[in-house]
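These numbers come from a predicted model, not from an experiment. Naming: A, B, ... by sequence-line order, numbering from 1 per chain.
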Number of protein chains: 2
Amino acid sequence: MPAVADTPAFSPLYRQIKDLLVKGLQGGEWAPGAAIPSELELAARYKVSQGTVRKAIDELAAENLLVRRQGKGTFVGTHAEAQTQYRFLRLADDAGIAQGLTRRFIDCRRGRASAEVARALALKSGDAVVQIQRLLSLATRPVVLDEIWLPGALFKGLTAERLADYRGPMYALFETEFGVRMIRAEEKIRAVAADADSARLLDVVAGAPLLAVDRWSYSYGDEVLEWRRGLYQTRDHHYRNQLS
Amino acid sequence: MPAVADTPAFSPLYRQIKDLLVKGLQGGEWAPGAAIPSELELAARYKVSQGTVRKAIDELAAENLLVRRQGKGTFVGTHAEAQTQYRFLRLADDAGIAQGLTRRFIDCRRGRASAEVARALALKSGDAVVQIQRLLSLATRPVVLDEIWLPGALFKGLTAERLADYRGPMYALFETEFGVRMIRAEEKIRAVAADADSARLLDVVAGAPLLAVDRWSYSYGDEVLEWRRGLYQTRDHHYRNQLS
DNA sequence: ACGCATTTGTTCGTATGTATT
DNA sequence: TAATACATACGAACAAATGCG
């Protein structure tokens, strides 16, 4: 009559393998963009069949943590490659795909977390944080004004100059220079009226409606490593989303 | 030396099975919520192995066209069940999950497609359309004002009374009464200022910023069957999204 | 309450196809 | 051409969940 209580911790083999692979990624055993061992090697290492490894990798590939390439191998997901650059950015041009994205860093300073920022980043009030302001433009037109907060402890040496000098997405800089890998994000979107400063930078009139996109970015193990608030000008651009 | 030109139309067995299953769904062989034949039955019918059927169903389940239930069978996706109701609605309360969704139909009329509506629904200007206006409220507070256009030819007999009488999501009504199944949707979101009428209905001041959410809903085979524009009041609610 | 049949879920093994280098 | 890696396909067995008698 005691029964098995609840057996809270059962998981099939392939999921245990998946967890081991995530640990390998998290521990830095394989770098972003690098190949992980072949399915047969992993099967040998973990003493399971190739099919079980395959199922674990399938799930990781579906979550974009890994990318499979037939004939070549399986690679660690990254924000640095052309196909996957800006994969978190859902802004699209109303007309076509005519891009031409440019960035301008307005500010980058170190400070202490306010209560609000601390809550968002799972820190304590007063903990060190980095605050970045930047403007994204598409084809000469300013479209996104971002305010970004990062935990200071993980981003030692991040400066405005470093940001400005780097060619490529900010998330790629985070990967290569700070070992911080963003693998998923949650966004909350609302409509707000532009204040005077934002309006000036985004080239709209004060009070104009803007999207306010709050984003929490996570690394392995549901760890929040970034909070940002983006103000999107949607006069001739929009935020796109797929539902299913 | 002629070579195979390009072999534009090769697809693996499991994908051919997948296509056959979609044809069955599209042809109404299995109704929303009903069980499809077991994997072994399907394997026998199509003369392939169970594993091949399984892979086809896996993909369809990932797209929410089918739902697997261990020990019970595989079922056709629907908007009618508690778990999957309002699965296209991404609005969330800022605080918790405290829902309590109520609907009020403001208008439902038949008319002719304007050029804009015709383009959105892949119709010709002047084709018959149904236009619906409705208001969604969460816990007594109005939150979404929807304007919905449907192709008139497919929704004969849809009236304001029919809409008001039906208990359950509108997409469920479409499934059971009109044989129209929405399986995916695309949304384009921007920020706009509330006009006088919208402001009154949503209980905000005129000019208040609102989300304008344009949605195109598709049935099997990428067929557009609905266009709607929702105005979302985001004072104490937000549009949530997951990125990966 | 128990056992049985059904159905999906997991795991293994093997063989062959296709893409890459 | 050959070797390697992922992709497809088949077969088999057992586990777990469900529903029925």
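In this structure, A/R190 contributes its side chain and B/T234 its backbone to a donor-acceptor pair below 3.5 Å. Remark: the backbone N or O of B/L243 is not paired with any side-chain donor or acceptor of A/R87 at under 3.5 angstrom.
Note on B/G73: only backbone sugar-phosphate atoms sit closer than 4.0 angstrom, heavy atoms only; bases stay farther off.
Between A/H79 and A/F88, the ring planes lie perpendicular to each other; the angle is over 60°, past the 30° to 60° tilted range. Aromatic ring pairs are classed by plane angle as parallel below 30°, tilted from 30° to 60° and perpendicular above 60°; the pair A/Y239 and A/Y232 is tilted.
Checking the phosphate oxygens (OP1, OP2) of D/dA7, a side-chain nitrogen or oxygen of A/R54 falls inside 4.0 Å. Using a 4.0 Å cut-off, no side-chain N or O of B/T74 falls inside it from OP1 or OP2 of C/dT7. One finds a side-chain N or O of B/R68 lying less than 4.0 angstrom from the OP1 or OP2 phosphate oxygen of C/dG9. Distances shorter than 4.0 Å separate none of the side-chain N or O atoms of B/T52 from OP1 or OP2 on D/dT8.
For A/K188 and A/E186, the salt-bridge test fails: no basic side-chain N is under 4.0 Å from an acidic carboxylate O.
Summarising the local packing, CD of B/Q83 is surrounded by more than 12 heavy atoms from other residues, nucleotides or ligands at distances under 6.0 Å.
Whole-Å rounding puts the B/K55 NZ to D/dA7 C1' distance at 6 Å. Atom CZ in A/R69 sits about 10 Å away from atom P in C/dT21, given to the nearest Å.
Each of C/dT8, D/dG11, C/dT10 was ranked by its minimum atom distance to the side chain of B/E39; first place goes to C/dT8. With C/dT8, D/dA9, C/dT11 as the candidates, the nucleotide lying closest to the side chain of A/S49 is C/dT11. Minimum atom distance to the side chain of B/S38 is reached by C/dT7, of the listed C/dC12, D/dC6, C/dT7. Closest to the side chain of A/Y14, out of C/dT7, C/dT11, D/dA9, is C/dT11.
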Check the interface with nucleotides 17-21 of chain D: list each N/O to N/O pair with the protein under 3.5 Å, or write none.
{"unit_1": "D/dG19", "atom_1": "OP1", "unit_2": "B/K72", "atom_2": "NZ", "d": "3.4"}

